[in-house]
K.L.:
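Here it is, the structure, as structure tokens.
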Amino acid sequence: MLGLGPIAFATPWVLTALAALPVLWWLLRVTPPAARRVRFPAIALLRDLIAPEETPARTPWWLLLLRLVLTALVILALSGPLLNPRAALPGGGPLLLVVDNGWASGRDWPSRKQAMDSVIAQAERQARPVILLPTAPPPGGEARPPALPLPAGEARRLAQALEPLPWPTDRAATLTAVRALAAQGSIQGSAHAVWLSDGLGDRSARALAEGLQRLGSAEILDDSAAKPPHLLLPPATEGAALVARVIRSDFARPEPVTLRLAAADGRLLSRETVAFEPGQRVREVRLDLPAELRNDAASLRIEGDTTAGATVLLDERWRRRPVGLVSGRPEGESQPLLSDLHYLDRALSPYTEVRRGGTLELLKRDLAVLILSDIGALNGSEAQAIDGWVRKGGVLLRFAGPRLAQHADVLIPVRLRVGDRALGGALSWSEPAKLQAFPPKSPFEGLSIPADVQVNRQVLAEPALDLADRTWARLADGTPLVTSERRGDGWLVLVHTTASPDWSNLPLSGLFVDMLRRITALSGGVNGAGTSSAALDPVELLDGTGRLVPPTATAFPIPGNAAGVDVVGPRHPPGFYGSEESRRALNLSPAVGALEPLGALPGGVTRSGYGGHGEVALKPALLAAALVLLTVDLLIALALRGLLIPVALRRRGGALAGLVLALLLLAPEAARALDAEQAVKVTAETHLAYVQTGDGAVDDTARAGLEGLAAVLNLRTAVETMGVVGVDPERDELAFYPLLYWPVSDRQRNLSDPARARVNEYLHGGGAILFDTRDQAPGGGARALQRLVDGLEIPPLAPVPPDHVLRKSFYLLQDFPGRSTGSELWIEAREGRGNDGVSPVVIGGNDWASAWAVNRNGQPLFAVVPGGERQREMAYRFGVNLVMYALTGNYKADQVHVPAILERLGQ
């Protein structure tokens, strides 16, 4: 590499071609340009029989100079010029390129690939071999391939094929590979090591840096200071809310984080933004949403952080399953502490949706678990309905009591003896019994049993050969406490004591809650924790950038009762396992647990970012300039042959200069013509417009909302909207737009007198404004509206009447929902015949722009509550009606009265 101050040449031998430029000058100079072809009509032979010689004998000097410059640019580009080139790599041995390609590297992988290519190119210029060493274990848990010195070109191909992997790095194994290189003699001379770090530290990080430094010299590239990695832990459930925890590695600065909860089809369910305070490492985010939306949740992600650690997949364990409660003891309803359902309700409410009612009434709705507390023999219709429901995947949980002890039916897992058994009391020699440890095949396996839990009374099961296999819990004397039977796709489960403290103090313990959660997890064919050891095949897996992709051949099934912390890795990547009907989520973040920064490095090891060297390759710019000159040369050649410029223009040498001067003089007029053209454009074409408030978030939402509404209008109606325009009443002309959407924000300044006059003129001239107070959104409200409209000529307002044309201009509507509902819509109280009967002002507060807003992919940006996607559809319909109302006025109202109009015309 040849260096000349701030510029260097990667292949300087190409510069020897510059010596041929004088020869090229001579060849071009003695070679005349191509003859000019002129087509003469026959009559032209009678005029100017002796035509002057117009073809030069030699190429003009300025054309020669142009072509020499073009040639010089090509030669310079092929020599690989570099501006501010990096210093030569230290040492004379190979380049050891260590790349962190674990989960944390996926957040900005393109910059890492660019850094790899830059370092390898530098080694290639110095003719040094490259050793590429990724730190993440290979997929499938295979052994690492041996690291060998390779030519730079082959190393570049391997680096380009390298991708981030959705599991942690193994720097200890990487350090072993580095030591093996030194022991085997693969490194000749003093090597230079470049470590592309992900910014995370572990026990082996400093040791790896020291091992690289012993080979010669070492530097670390790291961008965690500009873009630190985050870890999102699986959310906990608190009532109807999901509470997630975000962990960051750099906790020295404030930073906002946005969580995005989405359904399996990509629908946005909730979006919350929180801010880290300086020194805060862990931040909790609470997502409150209705049970229907929560049950649709499939993934929770940190917006803008494309890693597997910033993505949490959700399965049935995070859904609030509906549970029906039926009691056979109505005498306790007036005294809750005596009611069986009181203890069941308290235990299940934080995790499920509890419903009460009759058996057949509950089965008419979606139900995951049906709990019958001390219900005796069921009648025929009830038993038949429950049996069919269980065979389809439901779980029937029954608790014993005096009624069940005397009147059992077929919907129990084991045969029962008539009566019950007392285990303590004044007339009994026995004492209350405690519980045995839960057997391995029980869904309660692993639950700790409090020492004070005891049972005073129970119903006994008849001995049978398969009684042991059907028993999930036993008392200390070996008698069954919980028995079960698989029936179809569902379960029959019987607790041989009551759900109230009458026969046992189990309902007063935390073990009662844990047992109910394990039983609830059995519903719908979903494997609960520890319920089955059957293998679960991979269905969809997360890649290194946090996207769900089809499973690869290197992914292995996981056991059904496996813990995610022990399993996730190269053989079992994070993702969904099981089947399409029954998925289990395996997440990476519980296995990572915590984040630590890279920490202090050994002395002599430099540390910098990926883009901090300032080296710029000039080859693309030089080739682009050569292409421009080649195009100019082509145009000149065509002009010299008379194929481009008219003869009269060629004969007048100053014509071109005059033309340029005229263009410069007419530039202001052209600018005014451009403004006029823009005015004509927005007038001739329909544009949706919103008023800019100065609040960036509100304005962005308004633009995204109108873009979503414009797409719906173009798809469903004859209106062809050409775009969305933001206007400022202080300086923009409003008359070009038939409808303005004005979101109300408390950050918007009061209108000036010229702006008020401009808005009043717009209202008088036939314009319509939708004021959206966004009453349920932060920063919105009626007080801000009163301040903004002060001085505007707002007519008297009234709620939209039932027969108003706004309810039927395109769709038939009963209400006008947006992102929220409940706000009244107000229009002019007495609409006249002016402006075709259109009210100049429409006021509401349902935050319509947020309901209409979509991103570049057409996906909604905000969740709509409480009606979900049905409510969003009705919000779109209101927007369509509003635009049609503003464009057509009372046209639709007249159409409703067509029979009366025809009758009047006939008279």
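Heads up: numbering here begins at 1 and tracks the sequence. Note that these values count all heavy atoms, side chains included, but never hydrogens, waters or copies made by symmetry.
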K.L.:
Is any side-chain heavy atom of L313 closer than 4.5 Å to one of L542?
P.N.:
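Answer yes - side chains close enough.
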
K.L.:
How long is the span from the CZ atom in R271 to the OG atom in S850, to the nearest 0.5 Å?
P.N.:
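Going from CZ on R271 over to OG on S850, the span is 10.0 Å.
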
K.L.:
State, yes or no, whether a side-chain contact exists between F444 and V482 at a heavy-atom distance under 4.5 Å.
P.N.:
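Result yes, sub-4.5 Å side-chain heavy-atom pair found.
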
K.L.:
For residues R487 and L396, determine if any side-chain heavy atom of one lies less than 4.5 Å from a side-chain heavy atom of the other.
P.N.:
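Not in contact.
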
K.L.:
Is the backbone N or O of S105 less than 3.5 Å from a side-chain atom of D198, with the two atoms forming a donor-acceptor pair by type?
P.N.:
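No, D198 side chain to S105 backbone: no donor-acceptor pair under 3.5 Å.
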
K.L.:
Please check this pair: side chain of E485 against backbone of R470, looking for a donor-acceptor N/O pair closer than 3.5 Å.
P.N.:
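No, E485 side chain to R470 backbone: no donor-acceptor pair under 3.5 Å.
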
K.L.:
Is there any side-chain hydrogen bond (donor to acceptor under 3.5 Å, both in side chains) pair reaching into residues 545-558, and which pairs are they, with sequence neighbours excluded?
P.N.:
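Only D543-T545, D543-R547, T545-R547, T552-T554 qualify under side-chain hydrogen bond (donor to acceptor under 3.5 Å, both in side chains).
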
K.L.:
Rounded to the nearest 0.5 Å, how far does CH2 of W195 lie from CG of L97?
P.N.:
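If I round to the nearest 0.5 Å, the distance is 13.0 Å.
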
K.L.:
Would you say R112's side chain and D108's backbone share a donor-acceptor pair under 3.5 angstrom?
P.N.:
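Answer holds: yes.
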
K.L.:
When rounded to the nearest 0.5 angstrom, what distance separates CG in N101 from CG in L133?
P.N.:
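Nearest 0.5 Å value for the CG-CG distance: 9.5 Å.
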
K.L.:
I need the single residue from V98, T176, V178, D202 that forms a side-chain contact (heavy atoms from CB on, under 4.5 Å) with R171. Which is it?
P.N.:
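Result for side-chain contact (heavy atoms from CB on, under 4.5 Å) with R171: D202.
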
K.L.:
Can you list everything that forms a ring-ring contact (aromatic ring centres under 6.0 Å, His included) with W167? Sequence neighbours excluded, please.
P.N.:
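Listed in chain order: nothing, the list is empty.
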
K.L.:
Using a 4.5 Å cut-off on heavy atoms from C-beta on, say whether the side chain of I247 contacts that of L233.
P.N.:
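A side-chain contact exists here, since the closest heavy-atom pair is under 4.5 Å.
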
K.L.:
Could you check whether R571 makes a cation-pi contact with F556, meaning its NZ or CZ is under 6.0 Å from the centre of the six-membered ring and within 45° of the ring axis?
P.N.:
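Yes, cation above the ring, under 6.0 Å and within 45°.
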
K.L.:
Check the surroundings of atom CZ in R355: do more than 12 heavy atoms from other residues, nucleotides or ligands lie under 6.0 Å from it?
P.N.:
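Above 12, so yes.
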
K.L.:
Hey, is CZ on R391 packed in by over 12 heavy atoms from elsewhere, all under 6.0 Å?
P.N.:
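More than 12 heavy atoms, drawn from other residues, nucleotides or ligands, come within 6.0 Å of this atom.
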
K.L.:
Between N855 (side chain) and Q859 (backbone), is there a donor-acceptor pair under 3.5 Å?
P.N.:
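Yes, the answer is positive, given that a donor and an acceptor are paired below the 3.5 Å cut-off.
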
K.L.:
Run the salt-bridge test on R870 and E873 with the 4.0 Å N-O cut-off and return the result as yes or no.
P.N.:
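No.
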
K.L.:
To the nearest 0.5 angstrom, please state how far the CG atom of L344 sits from the CG atom of L397.
P.N.:
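Between L344 CG and L397 CG, I get 7.5 Å after rounding to 0.5 Å.
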
K.L.:
Look only at the side chain of S197 and the backbone of G199, and say whether a donor-acceptor pair between them is shorter than 3.5 Å.
P.N.:
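Flag set: sc S197 to bb G199 pair under 3.5 Å.
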
K.L.:
Would you say L269 and R267 make side-chain contact, with heavy atoms under 4.5 Å?
P.N.:
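The answer is yes; the side chains approach within 4.5 Å.
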
K.L.:
When the side chains of residues 251-262 are checked against the rest of the protein, which donor-acceptor pairs come out under 3.5 Å, sequence neighbours left out?
P.N.:
from	atom 1	to	atom 2	distance (Å)
R253	NH1	A225	O	3.2
R253	NH2	A225	O	3.2
R253	NH2	A226	O	3.4
E255	OE1	H230	NE2	3.2
E255	OE1	R248	NH1	3.4
E255	OE2	H230	NE2	3.0
T258	OG1	T273	OG1	2.8
R260	NH1	E303	OE2	3.2
R260	NH2	P860	O	3.4

K.L.:
Salt bridge or not between K441 and D469? Use side-chain N to carboxylate O under 4.0 Å.
P.N.:
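No, this pair does not count.
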
K.L.:
For the side chain of K392 and the backbone of D489, is there at least one donor-acceptor N/O pair under 3.5 Å apart?
P.N.:
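No, K392 side chain to D489 backbone: no donor-acceptor pair under 3.5 Å.
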
K.L.:
Could you tell me whether R206 and E210 have a side-chain N and a carboxylate O separated by less than 4.0 Å?
P.N.:
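Answer for the salt bridge query: yes.
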
